[in-house]
Protein chains: 2
Amino acid sequence: MLSQKQKELIEQIGIYFEQGMQPAAARILALLIVSDQNSFSFDEIRELLKLSKSATSNGINFLLSLNKIEYFTKSGDRKRYFTWNPANTITHFKEGIEKVLGLSILFEKTLKLKEDKDSLNAQKLLELSGLMSFLHKELPIIYKKWEKQYRQLKLKEK
Amino acid sequence: MLSQKQKELIEQIGIYFEQGMQPAAARILALLIVSDQNSFSFDEIRELLKLSKSATSNGINFLLSLNKIEYFTKSGDRKRYFTWNPANTITHFKEGIEKVLGLSILFEKTLKLKEDKDSLNAQKLLELSGLMSFLHKELPIIYKKWEKQYRQLKLKEK
DNA sequence: CTTTTAGTTCTATTTTTGCAGAACTATAAG
DNA sequence: CTTATAGTTCTGCAAAAATAGAACTAAAAG
């Protein structure tokens, strides 16, 4: 069902995802991304990851609420089959970066409160928030550049 | 010593920093960034943030070990005076972004294991790791662009 | 040598997080 | 109506994280 390599990747990717969700949810998401099987039932997830019913249920519902996964049903079968929702993942990735850059706003606010704007502290704060907001402005340009390049790559394939 | 606005910023910035360190350490760092006072002794930090000696000591040493803060001493005074080490902060920020992009390597590894490389799952994985590594390549260019712009800004000031 | 000071380390609590497993619910099938 | 299935929710526990405060240490001052 899962090779050793796949298991390792689930763990490693899971660690990245744990920033922002519980270990169980992180591994469920990693499983749906890594595996070759294109959908998993509740109990399959439960057994593969050796989780309890509650951990599985909570993890799945957490991921559903964030639109990171979705499910479909088969007629004459009560089970739900869960899959990764890759369509939103790029958006989520972009949002993740956006969030980090929210810190620049707090740094700008801090700067405004500074009595001595010429201190090293204030100067560096300006530099840092400057870099952050510069990056923030540049990112959409990068994304466009990539999309263009990516579209051409796809065309070539055909 | 600390205005209401400063206290709020310490809490808010602290929340960002808590990803990666204990709440106490996060607030100590935020304090050193936000305050107008340019250095703080152990006991000043302790009292302002209402921390225990151990929490203060551990927090300070953690931040020192990561080079996020530094200290100086005054002759005829045994205390250490701690300050934010802004010089490294930009480096730390860049490293933080680097780390996130490490996920792209794991996604590439995942892709290699995929039996069906034409599945939506595999395609999106390729797209995602592609975006990530593209961004990774573009970042140094952005940094240079910013540095150039920033240097000109500084020259104008003079 | 004794005392003071600044800070560290150790021990014990408290708080938080995460999960297991049982009890429960809702729905559909028979 | 009864039973089976799929999943949720509740209760409780265990491990980990974070902190408090006391005991301790190192070094300088007197």
Side-chain angles (χ1 to χ4, degrees), chain A residues 7 10-11 13-32 37 39-83 85, chain B residues 7 10-11 13-32 37 39-83 85:
Chain A
K7 281 183 193 167
I10 289 170
E11 287 306 310
I13 293 174
I15 288 168
Y16 272 91
F17 290 162
E18 276 185 34
Q19 260 81 311
M21 63 184 86
Q22 311 127 280
R27 265 179 237 142
I28 293 172
L29 181 56
L31 167 68
L32 298 188
Q37 188 175 326
S39 69
F40 289 87
S41 71
F42 186 98
D43 279 315
E44 283 173 329
I45 292 171
R46 209 181 98 78
E47 272 159 46
L48 278 168
L49 301 179
K50 286 155 190 10
L51 294 172
S52 68
K53 290 182 96 179
S54 60
T56 310
S57 174
N58 290 328
I60 284 173
N61 287 321
F62 178 81
L63 294 169
L64 282 173
S65 75
L66 292 182
N67 263 304
K68 300 215 179 248
I69 65 170
E70 55 192 4
Y71 66 90
F72 60 87
T73 49
K74 300 172 184 174
S75 64
D77 183 350
R78 283 206 231 168
K79 282 181 209 151
R80 290 182 297 171
Y81 293 89
F82 300 96
T83 63
N85 186 348
Chain B
K7 282 184 193 166
I10 290 170
E11 288 306 310
I13 293 175
I15 289 168
Y16 272 91
F17 290 161
E18 275 184 38
Q19 261 81 312
M21 63 184 87
Q22 313 126 279
R27 266 178 235 144
I28 292 172
L29 181 56
L31 168 67
L32 298 188
Q37 190 175 323
S39 70
F40 288 87
S41 71
F42 186 98
D43 279 316
E44 282 173 330
I45 292 170
R46 210 182 97 77
E47 273 159 44
L48 278 168
L49 300 179
K50 285 155 190 12
L51 294 172
S52 69
K53 290 182 98 181
S54 62
T56 310
S57 176
N58 290 329
I60 284 173
N61 288 320
F62 177 80
L63 293 169
L64 282 173
S65 75
L66 292 182
N67 264 306
K68 301 217 178 246
I69 64 171
E70 56 193 3
Y71 67 89
F72 61 87
T73 49
K74 299 173 185 175
S75 64
D77 182 350
R78 284 203 229 166
K79 283 178 207 150
R80 290 184 296 174
Y81 294 89
F82 300 96
T83 63
N85 187 348

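Protein chains get the first letters and strands the later ones, always in sequence-line order, with residue 1 at the start of each.
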Do Leu32(B) and Leu63(B) have side chains that get closer than 4.5 Å, going by heavy atoms? no

I need the CZ-P distance between Arg46(B) and dT19(D), as an integer number of Å. 14 Å

Would you mind telling me which of dG18(C), dT8(C), dG7(D) lies closest to the side-chain atoms of Lys79(A)? dG7(D)

Heavy atoms, side chains only, cut-off 4.5 Å: are Arg46(A) and Asp43(A) in contact? yes

Taking N and O atoms by type only, does the side chain of Ser57(A) place a donor or acceptor under 3.5 Å from a partner on the base of dG7(D)? no

What I want to check is whether an N or O donor and acceptor connect the side chain of Lys53(B) with the base of dG7(C) at under 3.5 Å. yes

Rounded to whole Å, how long is the line connecting atom CD of Glu47(A) with atom P of dA20(C)? 13 Å

Does dA20(D) have OP1 or OP2 under 4.0 Å away from a side-chain N or O of Ser52(B)? yes

Ring-ring centroid check Tyr71(A) Phe82(A), cutoff 6.0 Å: yes

Passing option when Phe62(B) is tested against Ile60(B), Leu64(B), Leu66(B) for side-chain contact (heavy atoms from CB on, under 4.5 Å): Leu66(B)

At under 4.0 Å between heavy atoms, what does Asn61(B) touch on the DNA or RNA strands: base, sugar-phosphate, or nothing? sugar-phosphate

Taking atom P of dG7(C) as reference, at what distance in whole Å does atom CZ of Phe40(B) sit? 15 Å

Does dG7(D) have its OP1 or OP2 closer than 4.0 Å to a side-chain nitrogen or oxygen of Arg80(A)? yes

When the distance from CD of Gln22(A) to C1' of dT17(C) is rounded to whole Å, what number comes out? 9 Å

Can you work out whether Arg78(A) or Met21(A) has the more 5'-proximal nearest nucleotide on DNA chain C? Met21(A)

Need to verify one output field. Residue with the more 5' nearest nucleotide on DNA chain C, Ala25(A) or Asp77(B)? Asp77(B)

Measure the distance from NZ on Lys74(B) to P on dA6(C) and round it to the nearest whole Å. 12 Å

Interatomic distance, Phe42(B) CZ vs dT4(C) P [rounded to whole Å]: 20 Å

When rounded to whole Å, the CD1 to C1' distance for the pair Ile60(B) and dA18(D) reads 16 Å

Would you say Asn58(B) reaches dT8(C)'s phosphate, i.e. side-chain N/O to OP1/OP2 under 4.0 Å? no

Name the nucleic acid region contacted by Leu51(A), choosing base, sugar-phosphate or nothing; use a 4.0 angstrom heavy-atom cut-off, strictly under. sugar-phosphate

In whole Å, what is the span from the CD1 atom of Ile28(A) to the P atom of dG18(C)? 13 Å

When rounded to the nearest 0.5 Å, the distance separating CD of Glu70(A) from CG of Asn85(A) is 4.0 Å

